[in-house]
Student: 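I am attaching a structure below and will ask some questions about it afterwards.
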Amino acid sequence: MTDAASPNPVHDGTSNPSPGPNHFIRQIIIDDLARGRLAQIHTRFPPEPNGYLHIGHAKSICLNFGLAAEFTGLCNLRFDDTNPGKEDIEFVEAIKEDVRWLGYQWSELRHASDYFESFYRCAEKLIRVGLAYVCDLDADAVRNYRGTLTEAGRNSPFRERTVEENLDLFARMRAGEFADGARTLRAHIDMASGNINLRDPAIYRIRKVTHQHTGSDWCIYPMYDFAHCLSDAIEGISHSLCTLEFEDHRPLYDWYLDKIDLVNDPQLVAPVLQKGLTAPLSRPRQIEFSRLNLDYVLLSKRKLLALVNDRLVDGWNDPRMPTLCGIRRRGYPAAAVRELARRIGVTKQESVIEYSVLENLVREDLDASAERRMAVLDPIKLVLTNLAADHHELLVAANHPKDASRGSRQIAFGRELYIEREDFMEVPVKGFHRLVVGGEVRLRFAGIIRCIAVVKHDDGTIAELHATLDLASRHGMPGAERKVKGTLHWVCAAHAIAAEVRLYDRLFTVPDPDDERDGKSYRDHLNPDSVRVVTKAKLEASLGTAVAEQRFQFERLGYFVADRYQHQPNRPVFNRICSLRDSWTAVAKG
RNA sequence: UGGGACGUCGCCAAGUCGGUAAGGCACGGGAUUUUGAUUCCCGCAUUCGAAGGUUCGAGUCCUUCCGUCCCAGCCA
């Protein structure tokens, strides 16, 4: 048997081979499949195109697309675009790009608005069977009639209109005869229900605005609860996965589906077919799981939008943003995000994942995938006094310490080098095993040096360091085996290239920036040092050929990525993805 | 006595028909190391929100209580 390309690719094949720990939703699917309740699963990721996707959405994306891939099912990307005015084509394009970046391919791209004509027919059906009515109450009045959490609501005075009157009024709503907000179509359920979603919820409202996908075809738009379950059914969705806050909506989800009964009334869906779209009709089941939260991260769409609009960050793709385009630009590998989704599991427990879990997954991926290079962020000149002034040679440096297949590169070496300023201390603290006057240290790939002098400026600051290279300790020589307590990274002064390097840190200083119970807001918790721009970094010359989005480990410093938008060969710009794990700084700061 | 959901180690999270607490991350200790990185060992819940009860035996069953989250958009 030969491997044929999957007829319904939902994934690019780069995801993790193991589906990870089992969870209740996967178990439901396994059971459904085993019982023969369905032959194939069909999921969907249904974003509203009113903002950018963030790391929280990644959990849902990975769950929906991942499950479909795992069980050779299907997964659609559906824009839940039932509220024009808040939605924009800019967001739909960005969302598509983010889903692809995460490594997924949708089976079909749909819009809830593709089904507006069908929805309209479904609403008419509800009216005909006496389960929906046109209500003339305005928004304030509806609120008053709704009651409270502990008190039942009251029936609308328009609740018992005749079917004929309702049909006529609804048609006129569609025709644009009434002003925005003047009337709504409501479900006739139970104003005394303990579940407020069942107190005659709105089905359609009047909004005379242009829609990003349907233009000016409509002036009435369906509400989420009505549109979502029907969209699922029309697309043949088997498992409709959503977050916990929709648990209360499930009775309504089921109510609409049961009353409208699309499966046994397929002509309702004729308009979809007429558009050339398939409508495999199913009786989907909604299953809720807890959303992903990360500490020190803000994931509220509204506040993220405010950060952008108020210029607190440099746009949706600022490397400090938790948006998918932000973490992409920051250099996080998509595989690390997928792995996060895989490892955290799927439950109904509200949880907050420590940010370090994500960060360590990024390190785990990059340790294996990123080639090593040397760069000095805060250069101080080091002169090897026992080398000739014109000494120049090329050393060989392995690109990866654990993967010989990644080969090696040549690095320039000469009498004058740059090392990291913080790798030298005139008065060393306890436990410091880097360079000190009279002390020895290894220069990575080069050999062991001994510092013999500190040259200072008039103001007392250090101008340069003098050292001698132990020629017998050079790379490849027997003396290279000699142990010294520290190894430093460096670049050759004559050949290094200048670069801008941006050092990012968390955007917020508190674990829950969204918490305003102490009277403060997320704005009060912005980290003033969330970005530090280093303009005089020195890179080894080989980095001159780096291309945008290429990632490296700068030895001993961390992982860095060439900026997706601003990096240029003649003007390198690198973003720090994350630092290396560091068991020294913590000790040093004691 | 409004409705819905959830409470297993610092953070996640497994725990089939009740049979005597997986794993990951974090953390502590040690080994290796030309990155104080990586890797590798070892350790880390007599206890499952609490209290009763059923049982030879309960995280798993029953009762009560406590705590947390969600819902009163013509948002999704």
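Lettering follows sequence order; numbering is per chain, from 1. The shown structure was predicted, so the numbers you read here are calculated from the model rather than taken from an experiment. Both backbone and side-chain heavy atoms feed into the values below; hydrogens, waters and symmetry mates do not.
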Student: Would you mind pulling out the nucleotide paired to A45(B), Watson-Crick or G-U wobble, both distances under 3.5 Å?
Tutor: none
Student: When the ring planes of Trp490(A) and Phe413(A) are compared, do they come out parallel, tilted or perpendicular, using 30° and 60° as the limits?
Tutor: perpendicular
Student: Should Arg186(A) be listed as having a side-chain N or O under 4.0 Å from OP1 or OP2 of C74(B)?
Tutor: no
Student: So which nucleotide from A5(B), A76(B), U35(B) ends up closest to the side chain of Arg372(A)?
Tutor: U35(B)
Student: May I have the distance from Asn22(A) (atom CG) to A22(B) (atom C1'), rounded to whole angstrom?
Tutor: 14 Å
Student: Does the ring centre of Phe560(A) sit less than 6.0 Å away from the ring centre of Phe552(A)?
Tutor: no
Student: Can you tell me the pairing partner of C25(B) across any strand shown, Watson-Crick or G-U wobble, with both distances under 3.5 angstrom?
Tutor: G10(B)
Student: Should A31(B) form a Watson-Crick or G-U wobble pair with both distances under 3.5 Å, which nucleotide is its partner?
Tutor: U39(B)
Student: Take the protein atom CG of Leu292(A) and the nucleotide atom P of C11(B), then report the distance between them rounded to whole Å.
Tutor: 16 Å
Student: Can you tell me if Trp584(A) is stacked onto the base of G36(B), using a 5.5 Å centroid cut-off and an angle below 30°?
Tutor: yes
Student: Taking ring pair (Phe, Tyr, Trp, His ring centres under 6.0 Å) as the test, write out the residues that go with Phe574(A), two or more places apart.
Tutor: Phe554(A), His567(A)
Student: Distance check needed: A72(B) P versus Arg199(A) CZ, whole Å only.
Tutor: 11 Å
Student: Using atom C1' in both nucleotides, what's the gap between G19(B) and U55(B) to the nearest angstrom?
Tutor: 11 Å
Student: Are Phe289(A) and His23(A) an aromatic pair by the rule of ring centers under 6.0 Å?
Tutor: no
Student: Which of the following nucleotides, C75(B), C12(B), C74(B), is nearest to the side chain of Arg146(A)?
Tutor: C74(B)
Student: So which of Tyr224(A), Phe170(A), Tyr221(A) actually passes ring-ring contact (aromatic ring centres under 6.0 Å, His included) with Tyr204(A)?
Tutor: Phe170(A)
Student: Among C74(B), A76(B), C12(B), which is the nearest nucleotide to the side chain of Ile353(A)?
Tutor: C12(B)
Student: Watson-Crick or G-U wobble partner for A72(B), using a 3.5 Å limit on both distances?
Tutor: none
Student: With rounding to the closest Å, how many angstrom separate the C1' atoms on G49(B) and C66(B)?
Tutor: 7 Å
Student: Roughly, in whole Å, what's the span from CG in Leu241(A) to P in A76(B)?
Tutor: 20 Å
Student: Looking at Arg434(A), is its backbone amide N or carbonyl O close enough to the side chain of Asp423(A) to form a donor-acceptor pair, meaning the two atoms are under 3.5 Å apart?
Tutor: no
Student: Quick one: Ile25(A) CD1 to A14(B) P, roughly how many Å, whole number?
Tutor: 11 Å
Student: Check the pair Arg291(A) / Glu245(A) against salt bridge (charged side-chain N to carboxylate O under 4.0 Å, His left out), numbers first and verdict last.
Tutor: CA-CA 9 Å; Arg291(A) 60 169 71 245; Glu245(A) 68 270 28; 2.5 Å; yes
Student: Between A26(B) and U39(B), how far apart are the two P atoms, rounded to whole Å?
Tutor: 10 Å
Student: Provide, to the nearest angstrom, the distance between the CG atom belonging to Leu185(A) and the P atom belonging to C74(B).
Tutor: 13 Å
Student: Ignoring the backbone of Gln349(A), work out which of U8(B), A37(B), C12(B) is nearest its side chain.
Tutor: U8(B)
Student: Using modelled atom types only, decide if a donor and an acceptor are shared between the side chain of Arg363(A) and the backbone of Ser579(A) within a distance under 3.5 Å.
Tutor: yes
Student: Considering Watson-Crick and G-U wobble pairs with both distances under 3.5 Å, what does C56(B) pair with?
Tutor: G19(B)
Student: Output the rounded distance in Å from CG (Asp512(A)) to C1' (G10(B)).
Tutor: 17 Å
Student: Look at the side-chain N and O atoms of Thr347(A) and state whether any lies under 4.0 Å from the OP1 or OP2 oxygen of A13(B).
Tutor: yes
Student: Taking the C1' atom in each of U1(B) and C9(B), what is the distance between them to the nearest angstrom?
Tutor: 36 Å
Student: Between the protein and nucleotides 68-71 of chain B, are there any N/O to N/O pairs under 3.5 Å, and if so, what are the atom names and distances?
Tutor:
unit_1	atom_1	unit_2	atom_2	d
C69(B)	O2'	Glu350(A)	OE2	2.6

Student: Have a look at G73(B) and give me syn or anti from its glycosidic angle (syn if within 90° of zero).
Tutor: syn
Student: Nearest to the side chain of Arg434(A) - G36(B), G4(B), C25(B)?
Tutor: G36(B)
Student: Say we look at G73(B) and C62(B): how far apart would their P atoms be, to the nearest angstrom?
Tutor: 37 Å
Student: Can you tell me how far P in A21(B) sits from the matching atom in U47(B), rounded to whole Å?
Tutor: 12 Å
Student: Quick one: is the NZ or CZ of Arg161(A) closer than 6.0 Å to the six-membered ring centre of Tyr133(A), and within 45° of its axis?
Tutor: no
Student: Rounded to the nearest angstrom, tell me the gap between atom CZ in Phe226(A) and atom P in A76(B).
Tutor: 13 Å
Student: Is it the case that G2(B) (base atoms only) and Glu151(A) (side chain only) share a donor and an acceptor within less than 3.5 Å, ignoring hydrogens and angles?
Tutor: no
Student: Between U64(B) and U20(B), how far is it from one P atom to the other, in whole Å?
Tutor: 30 Å
Student: Just grab all the salt bridge (Lys or Arg N to Asp or Glu O under 4.0 Å) pairs involving residues 145-159 of chain A, residues at least two apart or on different chains.
Tutor: Arg159(A)-Asp200(A)
Student: Quantified in whole Å, what is the C1' atom distance between nucleotide C56(B) and nucleotide G18(B)?
Tutor: 12 Å
Student: Do Glu481(A) and U34(B) share a donor-acceptor pair, side chain to base, under 3.5 Å?
Tutor: no
